[in-house]
Asker: 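What follows is a structure written as structure tokens; I'll ask about it next.
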Amino acid sequence: MSIKKSPIIENLRKTQMIELLSKEKRLDGRSLIDFRPIIIKVGVIQKSNGSAEVSIGNTKVVAGVKVETGSPFPDTPDQGLLVVNAEFLPFSSALIEPGPPDEDAIEVSRVVDRGIRESQMIDLNALVIETGKLVYCVFVDISILNMDGNIFDAAFLSAVSALLTTTFERKTVKGDGNIEVQKCKLPTRCIPISISSITIGDSILIDPTEEEESVQDSRLTLTFNDEGYLCAGQKGGSMGISREQLFKIVELSKAKAEELRVLVKKVIENAQI
Amino acid sequence: MSIKKSPIIENLRKTQMIELLSKEKRLDGRSLIDFRPIIIKVGVIQKSNGSAEVSIGNTKVVAGVKVETGSPFPDTPDQGLLVVNAEFLPFSSALIEPGPPDEDAIEVSRVVDRGIRESQMIDLNALVIETGKLVYCVFVDISILNMDGNIFDAAFLSAVSALLTTTFERKTVKGDGNIEVQKCKLPTRCIPISISSITIGDSILIDPTEEEESVQDSRLTLTFNDEGYLCAGQKGGSMGISREQLFKIVELSKAKAEELRVLVKKVIENAQI
Amino acid sequence: MSIKKSPIIENLRKTQMIELLSKEKRLDGRSLIDFRPIIIKVGVIQKSNGSAEVSIGNTKVVAGVKVETGSPFPDTPDQGLLVVNAEFLPFSSALIEPGPPDEDAIEVSRVVDRGIRESQMIDLNALVIETGKLVYCVFVDISILNMDGNIFDAAFLSAVSALLTTTFERKTVKGDGNIEVQKCKLPTRCIPISISSITIGDSILIDPTEEEESVQDSRLTLTFNDEGYLCAGQKGGSMGISREQLFKIVELSKAKAEELRVLVKKVIENAQI
Amino acid sequence: MGKLIDENGIRLDGRRWDEIRPITIEIGVIKNADGSAYIEFGKNKIIAAVYGPREAHPKHLALPDKAIVRCRYHMAPFSTEERKSPQPSRREIEISLVLRRAMESAIFLEEYPRSIIDVFVEVLQSDGGSRCASITAVSAALADSGISMRDLVVGCAVGKIDGQIVLDLSDYEDKEGEGDMPVAYMPNLDKIVLLQFDGIFSEEEFKKAIDLAILGNKKVYEILKKALIEKYFSMVDEK
Amino acid sequence: MGKLIDENGIRLDGRRWDEIRPITIEIGVIKNADGSAYIEFGKNKIIAAVYGPREAHPKHLALPDKAIVRCRYHMAPFSTEERKSPQPSRREIEISLVLRRAMESAIFLEEYPRSIIDVFVEVLQSDGGSRCASITAVSAALADSGISMRDLVVGCAVGKIDGQIVLDLSDYEDKEGEGDMPVAYMPNLDKIVLLQFDGIFSEEEFKKAIDLAILGNKKVYEILKKALIEKYFSMVDEK
Amino acid sequence: MGKLIDENGIRLDGRRWDEIRPITIEIGVIKNADGSAYIEFGKNKIIAAVYGPREAHPKHLALPDKAIVRCRYHMAPFSTEERKSPQPSRREIEISLVLRRAMESAIFLEEYPRSIIDVFVEVLQSDGGSRCASITAVSAALADSGISMRDLVVGCAVGKIDGQIVLDLSDYEDKEGEGDMPVAYMPNLDKIVLLQFDGIFSEEEFKKAIDLAILGNKKVYEILKKALIEKYFSMVDEK
């Protein structure tokens, strides 16, 4: 994706990539269904209520959670709010110009939002201070620091890890009218995991690099809850996908999600919040 | 206006148009003071409180009315609100690019707004729920679907027809404190009609097509109430108009307004709301 | 700055300017530390609460003050608000295009704001109507009419002169519950003055023209309160400044500020508000 | 038993699990456009119109080897229960993106180098499944414009209500149900070109949903084909 | 009897029905501009300034056979009773449009192919009739810039208060009266180049209003001519 | 005695008047960028990254004789006590401007005609003195990118608390103190390239503050130099 590469070298790389794929191999030596090394650091931003920096290979993002108070939506007076916002920082790639969030950032925001919301990870009903009047708003802001493919999974992992380590000061009015302030964790119910893959011809590649994405036919991001149920999905890419490929991806992704959930659990346990 | 026409053909058409005008004729065979066929369909958008689709020749617009509640302006605590907004949909012409409403859309919005407001068509004082606190807001949104000249009259007709067929749920607090909900019509007082014409040299043309507008000297949109009084006006075009032409247009337009009002009445009666 | 000047003439002027500087002279005949003629007219906009038009040579600005009521910031419940906003009017220079305020206008706004705020010119605590609920908001809007260098000092002078002549209707709730309306002056404590200078090589020039600014090494705007203390400062220009030059500028500017303060006092006294 | 499906397997609007709502398609409704179509799909009322292929403007957008597609999905302020602000929402921007990708799958972009194809969708009234209805309308508009396509693209959602996978959710079913899955499909090439979902689906349910969506899409395809043929024959008749 | 005109036919500010408010015009107030003027018209205080004809930028705006005119009418935040947001309102955008059209009527655009003429109006203090005062100032600024014009354009409103057609409404008369009609006029060519109105006018009242507006415009024209001549003579004297 | 400095001259965080907070600098943290650096300065956590010199785009921005520098200083929404709106505030726009000017002092712009150098700063966590920490990070990123500079630029603020001039205010000292003065400095050329201040300083205090700021900047310079050398040696070691 870097504009510094010459097109000739890029074409050579592509040819090489396709050749390797026919042998079920990838340019960086991975098998088709392996993730690159994943590093998750939580608690990196002390001023936030929760935070996580996630690297998947050279892709790097950081997410910060802020818990503030606000008014609920009129049609859900008994629920707190969840707001997810992603930004591609202008230094994350040579091809990005400064400006308002474009359609790509909006897609990342909305796909992460749906995955968290539909898995019912956060118990929004437990975030009400006064029904219809005052609730907690959970802002998840994701800054994409360096782009090298599979932004969706990195963004999702960072959001989930940040939420799992979020603490906030909960205010409750006691019987005698006094207000009690208690530091507590965000009420979470599960650890949703998103797995993205691409298809190139008949091959399915989990966790694509940017180079691989540049020749993708289609992309698929699937989110799974703890029980292995699908709770959100989004197709990308500008070519169609067959029913058979789709079903194969679902099976593959479901297994990968289990692997990543184990990793996240380990990180959270070590964090000891 | 289509960018697909060659300039040579366009110039031929113009020459032909001017020649015909000298014989008081037009390219489409109409007399100078005739409207193209007008079709008004009301109740086309069931989710709105009132709606109308209007075609004048190939010009087509749709208006939808929403009645919601809100705060009155501080300086008119005893009046409901009227908000008129027009948008040129990007497919309405080959020459439109997507983007925020430009000066043309703002002019249409404001000319329609003034015609409705100044004719006192809507009894805004009858739209108050609680003086100074809560009133009904009448939103008139006009989407221009296809442009072939005389957008102003099509937009005005659609707005007026939609308002005349608008119903909404009115809430009133009864003596015993209970709230009564009643479906009722919007309180209207008259049927204002706008008539647009252009001048080309000494000729006056009612209801111009886009082709005719492209060679206009000046444009005039006049709005009349039921008694034939003028209640709003707007000159367009980049050339001046003489006092004499102006007076002649007023006389002509006043007569045409009567004709159109009869048409609107018929449509509304048939609608049986 | 005008785009109509030929680059050759501009280069000749620059050469001439540098030569004169070596003799401690300037193109317009001034000494290096003299201001151009300053004209301050107050009370020019009757609809505002206070206003001033200021010319420094060909640089001309007008400031208007509006005092309205609003909510205080949550973290300063016992203070009124001060909002400073500058706009470069599009006719102020041949090089300006219409559009939202750019970084230059924002810099002028913020430098003027800091100078007024940090000198504690306005007693914001005396602008509270009801603690935490309702306070007076002082809006200072500065329109830059014509640019010929040293916009900062012209903007600052206009803002200060407008504020010093501002009157507003203060409402107080009397013991018996009645509201008393009293016309009164804005509660001010001092007359801050900003002095801008530039360096060109070893020379220091007070009150630069646009021509001089176009060859500046660095710019410095310093604001002084009545006691000669520095209360705000901002370096401009794209070259560094030495500690020694900086200290020399502080001394020079402090003396000039005294001169300008005498001028402002005279204008305000004559204004007899 | 359930609140959305009764004991006889009938949904609130009278449909069975594998029935789609009534669809009508009209071709060529926008005179100025190069191609256009109007669809009613349940209570959805949607216009799609196409301009192009035309010269890319500004020129730096143009690609040397193929056309670029721009897509704007927009909802009229009066199209929803509550008045919608005319400014495009994040939802509208995302749908514009997924519609664009779906159409890129179908258009022979290489046939139109250095040009641009503008696709505009206006939702006059919205109901459940509006993005699926939109893509069917876009497909009709593209066919009307004569732009070369590999296949028609149609759209039809599936969903999960009362624990059951059913075809083509209405607005109310979408809101009250357990999952929604809009799918767009190229029937002759047998490829899925748009897929989004939220809700809770087991792997089995997911597979069942996809198969049902393909079935629904084939039904929509028949209706679209019929509308295009009618338009074609009526044009021949007019001659 | 009426609330705006007393029994002697005198309006609240002391004027008769056919009197205009005091006007002063100053030419050349903005040094950097190619032409400029400042007008006080009643309590209106308005600056108009012109740049151009200058090269169109960006270039694709340019027309091969004539100049294009851009116009920005803007009100200072302190110009109104309540502080005005600096962002242009829909009203300001519409007035920019009608002012531009009025000036296009007067300027010999064909003399300046491929160029742009920028007209900027800043209302420092607003009163009734500000668009009419603005166009008079713009005319003066264009004359100051030396751009060729068919005729000067002047502006003066008429209105209806207490049932009577009167010249040049003040802010209060505009607000409390029954109708307002801003008119701009080219006196030598006898053409109306800007006309807007709202209120309730019978056909007779409308015609009377137009004739009175023309009368008022001729008065404004004399004042504008005098200001331009004074500027011209003072320049000669300075030599 | 004072609330910010105790009787032993010790500040709330344990520092003396002339001590700076702990600083760590890491070079090359953003793989895609041409140069990048991460700084922790007190609780500040800031990334700076550089792209360029690269071709100016759009082309009309380019200057024939030198590079232009663009700078964006931005704060992450989670970087502050209260969540910050992602839209750039006026404060962020002003800091972008003063950072750009400071860097223009240092870069040999004439070596890169017709090109553009993009400097991006993201504040992940903010504390007192964030613009000074930022400029140090920018300097490191520029060094990492290999762009020619006259000198490194470093930044360190001074301020006045409890009536005393002290080095490098923390957030709390900035908020509760009497004055803050961010200064950026080129140590080898002995020039101040960024200077802003607010508060109340006598002429003597001002001079004392500047001298202390220069002292602080020299300390920061040593740390920056060390980080660059370490990076250089570790690269050599890796070979």
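No experiment lies behind these values; they were computed from the predicted model shown. Lettering follows sequence order; numbering is per chain, from 1.
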Asker: Kindly state each residue pair satisfying side-chain hydrogen bond (donor to acceptor under 3.5 Å, both in side chains) with at least one member in residues 123-150 of chain F, sequence neighbours excluded.
Answerer: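 The answer is A:Gln46-F:Gln125, F:Arg21-F:Asp127, F:Tyr73-F:Ser130, F:Glu111-F:Ser148, F:Tyr112-F:Ser148, F:Arg131-F:Gln196.
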Asker: Decide if atom CD of F:Glu55 counts as having more than 12 heavy atoms of other residues, nucleotides or ligands within a radius under 6.0 Å.
Answerer: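 It does not: F:Glu55 CD has 12 such atoms or fewer within range.
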Asker: Using non-hydrogen atoms only, which part of F:Lys31 is less than 4.5 Å away from chain A: side chain, backbone, both, or neither?
Answerer: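 Answer is both: backbone and side chain atoms of F:Lys31 are under 4.5 Å from chain A.
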Asker: Rounded to the nearest 0.5 Å, how far does CD1 of F:Ile30 lie from CG of A:Leu89?
Answerer: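 One gets 8.0 Å once the value is rounded to the nearest 0.5 Å.
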Asker: I'd like to know whether NZ of F:Lys219 has more than 12 heavy-atom contacts from other residues, nucleotides or ligands below 6.0 angstrom.
Answerer: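 Yes.
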Asker: Checking A:Lys47 against chain F: side chain, backbone, both or neither under 4.5 Å from a heavy atom?
Answerer: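 Both parts, backbone and side chain.
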Asker: In Å and rounded to the nearest 0.5 Å, what is the CG to CG distance from A:Leu145 to F:Leu124?
Answerer: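 The CG atom of A:Leu145 sits 6.5 Å away from the CG atom of F:Leu124.
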Asker: Heavy-atom distance under 4.5 Å to chain F: side chain of A:Ser51, backbone, both or neither?
Answerer: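 It is neither, since no heavy atom gets under 4.5 Å.
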Asker: Do A:Asn85 and F:Pro86 have side chains that approach each other closer than 4.5 Å (heavy atoms only, starting at C-beta)?
Answerer: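 The answer is yes, as the side chains (C-beta and beyond) meet within the 4.5 Å cut-off.
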Asker: State, yes or no, whether a side-chain contact exists between A:Ser143 and F:Phe78 at a heavy-atom distance under 4.5 Å.
Answerer: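 Side chain of A:Ser143 against side chain of F:Phe78, heavy atoms only: contact under 4.5 Å found.
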Asker: Can you tell me how far OG of A:Ser48 sits from CD of F:Glu81, rounded to the nearest 0.5 angstrom?
Answerer: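 It comes to 10.5 Å.
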Asker: Strictly distance-based, threshold 3.5 Å: is any side-chain N or O of A:Lys66 a donor or acceptor partner for the main-chain N or O of F:Lys84?
Answerer: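 No, because the side chain of A:Lys66 does not come within donor-acceptor range (under 3.5 Å) of the backbone of F:Lys84.
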Asker: Between F:Asn32 and A:Met147, is there a donor-acceptor pair closer than 3.5 Å when you use the side chain of the first and the backbone of the second?
Answerer: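 Judged by distance alone, yes, a pair lies under 3.5 Å.
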Asker: What are the two closest non-hydrogen atoms of A:Ala94 and F:Tyr51, and how far apart are they?
Answerer: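 Taking every non-hydrogen atom into account, CA-CE2, 3.3 Å.
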Asker: Taking F:Arg83's backbone N and O only, do any of them form a donor-acceptor pair with A:Glu68's side chain (distance below 3.5 Å, no angle check)?
Answerer: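 Pair found, side chain donor or acceptor close to backbone of F:Arg83.
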Asker: Can you confirm whether more than 12 heavy atoms, excluding those of F:Tyr172, are under 6.0 Å from its OH atom?
Answerer: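 Not more than 12 within 6.0 Å, no.
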